[in-house]
Every structure is written in C-alpha cells, then in structure tokens.
Amino acid sequence: HTNSIRGIFCLDNENSFMSASKDKTVKLWSLRSEGDGSKISQCQFTYTGHRKSVHSLAFLESLRLAVSCDSGVHLWDPFVCAQVTQIDSARYAPISIVRTLPGPSSLVLAGTADSTIKVIDSRIADYVLEWKLSTTPSGSVRCLTVSPNGNWIAVGLSAGQIILLDGKTGLIHASWKASEGELLQMQAPNDNELITSSLDNSISIWNVHSGTLITNLK
C-alpha cells in the first residue's frame, strides 16, 4: 500500500487475507509459504473501486463476497476479482464500519456516524432496516461484532458505551458504560463473552448476558 493500513481481515479458507488502506484500495494476499521466508510476496488482486479511504472490511459467508467500506459499502468477489455492487451513502449518514451475520444470512450490518445500525440485504443491494441506538446523540459507531450463533450484536460507541442488540429483531437487550475513553475494537470469541479494547490502554472481557466485567487488563 502507498498509505496507512486501516484494517486486515483473514478469510476462512485459511490461506489468504485482505488489507484495507487509506490509499483507497483493498488488496488480497496469499498466506502460502514461499521459500525460506526471505521472498517479498506480491498481492493476488487489488480492488480499486473505492473513491475514499477504506476503513472497514468483512466477508459475507452466504454469498462468498467481500464487503468493504469507504463511507459507502462495496460488495465484490475476491475469488474472481470483480465488483458485484456498490451502495452509495450519499442519502444517508456516512458508514463507519461493516460486519456480516453468519451464514446462511445475506444481511450486512453497517454502523453510522449518528448512532444507527443500517441493515443491508445483499441480494437486492439496498438498505432494508434501520436500528436507532439512542434517542439522543451519543457518538458514532466505532466497533461492531456479531456472536458466532448470530443471536446478539454488540455495538461500541465513541462515547465508550456498549449496546447489546437482538440479532434477529434489533431490539436493545442491554447497554452499559464500558470505558471513559473511546472504544477501539470488539470481538466475540464465543456466544457468552465479549472482548473490548479502548483508548485508555486497557482490554476488557465482559459477560454479555449480565453486562458484568469478568476481567480488565491494563
């Protein structure tokens, strides 16, 4: 890349990954071993459809499509190296992060700068639902993750708040203040726990069903 890298996503085939950059490209790389490790590998494909910095990546299992975001959402096939569709955000708040629901779902979740989750049906390439996370401005969606079984969705806001949504209805199950600093990343290692990192240099592990802190690592 010719500018900073904003995201990396490992594909589930276990031999390739994608990287997103401020240079407006997404590159597909091979993880296959080559020689003694001294060779400089070249990317397998560069997706150049973005007009702005690319800041989020995901992969839609059901249709085997890459999902990338530059304030709009792009769906493309990393295996035949072709764009499938582009959903422009000109009529909406800019998209800050994209995630997908586990297969066989065709839905893409898009977090916005105005505390909203927009749901995209990739089969019709359009927004089909909107879930408002707060009645008052409470910051942009900074991080987003889906439980392995798809039953819940955790959203991290820039104000340090975590909101837990029902994965099927979008109804809010719980919310709690996770950090005084901005939340940076979020992962669901299993269906019961949530891992978050924040700007205060800490990593926290939460029980999502009770909203209680299991441990905090400074």
Side-chain angles (χ1 to χ4, degrees), residues 7-14 16-18 20 26 47 54-79 83-89 92-134 140-157 162-175 183 185-196 206-209 211:
I8 284 179
F9 189 92
C10 292
L11 295 175
D12 58 5
N13 60 16
E14 297 186 1
S16 54
F17 69 94
M18 301 181 294
V26 179
Y47 177 72
V54 189
H55 46 256
S56 185
L57 288 172
F59 186 72
L60 188 62
E61 293 177 18
S62 59
L63 299 182
R64 307 296 293 168
L65 296 178
V67 185
S68 51
C69 165
D70 65 350
S71 77
V73 177
H74 293 234
L75 279 81
W76 48 281
D77 191 324
F79 307 110
Q83 185 185 76
V84 175
T85 189
Q86 176 180 342
I87 305 166
D88 208 342
S89 65
Y92 309 99
I95 303 300
S96 55
I97 186 170
V98 287
R99 292 292 182 264
T100 60
L101 290 174
S105 174
S106 62
L107 300 181
V108 176
L109 305 175
T112 74
D114 62 355
S115 307
T116 301
I117 299 294
K118 294 185 182 296
V119 183
I120 298 167
D121 191 332
S122 58
R123 295 169 300 183
I124 60 173
D126 204 359
Y127 296 100
V128 292
L129 289 170
E130 179 179 297
W131 298 334
K132 198 71 177 172
L133 302 174
S134 175
S140 61
V141 176
R142 278 287 183 261
C143 42
L144 178 65
T145 193
V146 181
S147 66
N149 62 12
N151 285 345
W152 52 264
I153 300 160
V155 184
L157 300 179
I162 293 175
I163 297 178
L164 197 71
L165 305 175
D166 186 286
K168 295 179 175 62
T169 65
L171 295 175
I172 296 177
H173 278 329
S175 67
L183 291 173
Q185 292 188 354
M186 182 180 285
Q187 292 290 336
N190 54 56
D191 296 321
N192 302 309
E193 294 174 325
L194 180 67
I195 302 173
T196 62
W206 306 87
N207 181 309
V208 295
H209 304 297

Restricting to non-hydrogen atoms, name the atom on [X] and the atom on [Y] that form the minimum distance, rounded to 0.1 Å.
X    : Y    : result
P78  : A66  : CD-N, 3.8 Å
G103 : E61  : N-OE1, 3.3 Å
A125 : T85  : CB-OG1, 3.5 Å
L109 : W131 : CD2-CZ3, 4.2 Å
C69  : I97  : SG-N, 4.3 Å
R99  : S56  : NH1-OG, 3.5 Å

Distance in Å, [X] [atom1] paired with [Y] [atom2], rounded so as to fall on 0.5 Å steps:
X    : Y    : atom1 : atom2 : result
L60  : L101 : CG    : CG    : 9.0 Å
L133 : S140 : CG    : OG    : 11.0 Å
K118 : L129 : NZ    : CG    : 10.5 Å
I195 : E193 : CD1   : CD    : 7.5 Å
L107 : S122 : CG    : OG    : 7.0 Å
Q86  : L75  : CD    : CG    : 10.5 Å

Under the rule for ring pair (Phe, Tyr, Trp, His ring centres under 6.0 Å), what residues qualify as partners of H74, not counting sequence neighbours? Y47, H50
Counting only N and O atoms by type, is there a donor-acceptor contact under 3.5 Å from the side chain of [X] to the main-chain atoms of [Y]?
X    : Y    : answer
S147 : W152 : yes
D166 : L171 : no
S62  : S105 : yes

Can a side-chain donor-acceptor contact be found between H55 and D70 if the only test is distance below 3.5 angstrom? no
Would you say the side-chain atoms of W76 and S68 include a donor-acceptor pair closer than 3.5 Å? yes
Would you call R123 and D121 a salt bridge, taking side-chain N to carboxylate O under 4.0 Å as the test? yes
Stepwise side chain to side chain contact (heavy atoms under 4.5 Å, CB included) check, L157 with I163: CA-CA 8 Å; L157 300 179; I163 297 178; 3.8 Å; yes
Would V128 and I120 count as a side chain to side chain contact (heavy atoms under 4.5 Å, CB included) if you check the C-alpha gap in whole Å, the side-chain angles of each, and the deciding distance to 0.1 Å? CA-CA 6 Å; V128 292; I120 298 167; over 6 Å; no
Could you walk me through whether H209 and N192 pass the side chain to side chain contact (heavy atoms under 4.5 Å, CB included) check? CA-CA 7 Å; H209 304 297; N192 302 309; 2.9 Å; yes
Please examine the side chains of [Y] and [X], heavy atoms only from C-beta on, and report whether any two atoms are closer than 4.5 Å.
X    : Y    : answer
Y127 : V119 : no
I117 : T112 : no
L11  : F17  : no
L65  : F59  : no
D191 : N151 : no
N149 : P102 : no
I153 : L144 : yes
L183 : I162 : yes

Side chain to side chain contact (heavy atoms under 4.5 Å, CB included) test vs L194 passes for just one of T145, N207, L164, namely T145
Those residues at least two apart in sequence (or on a different chain) that pass side chain to side chain donor-acceptor pair (under 3.5 Å) with R64 are D12
Got a sec: does the CD of Q83 have more than 12 other heavy atoms crowding it under 6.0 Å? yes
